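Values reported hereafter were calculated over all heavy atoms of this structure, with side chains retained and with hydrogens, waters and symmetry mates removed. Because the structure is a prediction, the values reported are computed rather than measured. Counting starts at 1 for both ligands and their atoms, following the listed order.
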Amino acid sequence: MKIIKTIREMRAFRPQCTVGFLPTMGYLHEGHLSLVRLAKKENDVVVVSIFVNPAQFNDANDLEKYPTDIERDIQLLERENVDVLFLPTRNEVYPNGIPALSLRYERMMQQLCGAFRPNHFEGVLLIVHNLLLWVAPTRAYFGLKDYQQYLLIKKMSGDLSLAVEIVGAPLVREKDGLAMSSRNVRLTEKGRTEALKISKALFAAKEDVLSGKLSFAQIKDGLWKVLEPLQIEYATLCDADTLEEIVEKRCQSILIAVAAYVDGVRLIDNALILR
Ligand code: AMP
């Protein structure tokens, strides 16, 4: 696997074949690797980036505690036969500090995580936009675990006519249902058990939507009841295209989304009902 550390070298790399790209913040797990495998299947060459982007952390403590293990990540990517790892330093990405430029979708960024993480998605869009320019992939892969992120990136890519296909990849869970996340290592054993309430609540809510027996207000109440012992940030049913909360319209695609703190670790998860 080739490791590229500079933007200049990354831009010069672009081969004359299909390139699949997967941006990450490292501390890789099966969720990331499933995206790598999908990208391998659909492209001739696969590029993975690892960059813990300070511009998207609204909480300095979260940035400080973000787990890293580059040696292990390199081993995992080599095992998957990834062709290139783009591993820039902070100084390479932001030589003049974090730029004041912001890419913003006023309304969609006020929903879900956007309401609780000021400037987070602006930071995400800026880095993803730049990475897409530097890598110039045919397809870029994003996990539906971060559904709001995927939707915003897809919208940005369309609105800026970026020459890339944005692919949403299925959410990967542990056997017991917990959504895989680099942050899960920070959970205590007890916290990890508590965290299972999130997927459990989501699965029950999805079943309730599909069965059509309860109103959305009742389903939302049920969600909050299961999640009650946790520090809930949001738990809601929304339109999967706009992220606006829905009241009672069963025809559109629905996202049931949760963010909650367990052991001081912020966890997000969701269930999608596509129509
Ligand atoms: P991160 O390193 O957390 O920024 O994630 C990098 C990419 O992997 C993002 O597109 C995430 O949505 C995706 N990802 C992270 N966890 C999962 C998961 N459990 N299932 C599917 N995709 C994931």
Participant: Could you tell me, atom by atom, which parts of ligand 1 come under 4.0 Å of a heavy atom of Leu171?
Facilitator: 20 (N), 21 (C)
Participant: Hey, does Lys145 come in under 3.5 Å of ligand 1, counting only N/O atoms on both sides?
Facilitator: no
Participant: Once rounded to the nearest 0.5 Å, what's the spacing between atom CD of Glu174 and atom CG of Asn184?
Facilitator: 6.5 Å
Participant: State whether Arg37 and Glu30 are salt-bridged, where the test is any N-O pair (Lys NZ or Arg NE/NH1/NH2 against Asp/Glu carboxylate O) under 4.0 Å.
Facilitator: yes
Participant: Does some side-chain heavy atom of Pro229 sit less than 4.5 Å from a side-chain heavy atom of Lys197?
Facilitator: yes
Participant: Between Asn53 and Tyr94, does a side-chain hydrogen bond (donor to acceptor under 3.5 Å, both in side chains) hold up when you go through it step by step?
Facilitator: CA-CA 10 Å; Asn53 175 32; Tyr94 300 122; 2.5 Å; yes
Participant: Which ligand 1 atoms, with their elements, are less than 4.0 angstrom from a heavy-atom of Met25?
Facilitator: 1 (P), 2 (O), 4 (O)
Participant: Does Arg72 qualify as a cation-pi partner of Tyr27, given the criterion of NZ or CZ under 6.0 Å from the six-membered ring centre and within 45 degrees of its axis?
Facilitator: yes
Participant: Among pairs that include at least one residue of residues 104-118, which meet salt bridge (charged side-chain N to carboxylate O under 4.0 Å, His left out), considering only residues two or more places apart or in two chains?
Facilitator: Asp62-Arg117, Arg104-Glu122, Arg107-Glu244
Participant: Would you call Lys40-Glu80 a salt bridge at under 4.0 Å N-O?
Facilitator: no
Participant: Counting only nitrogen or oxygen atoms and a 3.5 angstrom limit, does Leu35 reach ligand 1?
Facilitator: no
Participant: With a cut-off of 4.0 Å, which atoms of ligand 1 are near a heavy atom of Pro23?
Facilitator: 6 (C), 7 (C)
Participant: Measuring from the heavy atoms of Tyr147, does anything fall under 4.0 Å of ligand 1?
Facilitator: no
Participant: With a cut-off of 4.0 Å, which atoms of ligand 1 are near a heavy atom of Gly143?
Facilitator: 9 (C), 10 (O), 11 (C), 12 (O), 13 (C), 22 (N)
Participant: Can you sort out which atoms of ligand 1 are near Val172, meaning under 4.0 Å from one of its heavy atoms?
Facilitator: 18 (C), 19 (N), 20 (N), 21 (C)
Participant: Starting from atom 5 (O) of ligand 1, locate the nearest protein heavy atom and write down its residue, its atom name and how far away it is, to 0.1 Å.
Facilitator: His32 NE2, 3.4 Å
Participant: For Tyr66 and Phe57, I'd like to know if the aromatic rings sit close, meaning centre-to-centre distance below 6.0 Å.
Facilitator: yes
Participant: Do Ser199 and Asp269 get their side chains close enough for a donor-acceptor pair, meaning under 3.5 Å?
Facilitator: no
Participant: Using heavy atoms and a threshold below 4.0 Å, how should the contact between Leu144 and ligand 1 be classified: side chain, backbone, both, or neither?
Facilitator: neither
Participant: Which residue owns the protein heavy atom closest to atom 16 (N) of ligand 1, what's the atom, and how far is it?
Facilitator: His29 CE1, 3.2 Å
Participant: For ligand 1, does Ala169 get within less than 4.0 Å through its side chain, its backbone, both, or neither, judged by non-hydrogen atoms?
Facilitator: neither
Participant: Enter the distance from Gln75:CD to Asp69:CG here, rounded to the nearest 0.5 Å.
Facilitator: 8.5 Å
Participant: Is ligand 1 less than 4.0 angstrom away from at least one heavy atom of Pro170?
Facilitator: yes
Participant: Could you tell me whether Glu30 approaches ligand 1 through its side chain, its backbone, both or neither, with non-hydrogen atoms closer than 4.0 Å?
Facilitator: neither
Participant: Which distance, rounded to the nearest 0.5 Å, do you find between the CG of Asp263 and the CD of Glu189?
Facilitator: 11.5 Å
Participant: Would Asp146 count as a polar contact of ligand 1, with the cut-off being nitrogen or oxygen pairs under 3.5 Å?
Facilitator: yes
Participant: At a 4.0 Å cut-off, with the gap strictly under it, does some heavy atom of Arg173 reach an atom of ligand 1?
Facilitator: no
Participant: Can you tell me which portion of Met180 lies within the under-4.0 Å heavy-atom range of ligand 1? Options are side chain, backbone, both, or neither.
Facilitator: both
Participant: List ligand 1 atoms under 4.0 Å from Tyr66, heavy atoms only on the residue side.
Facilitator: 3 (O)
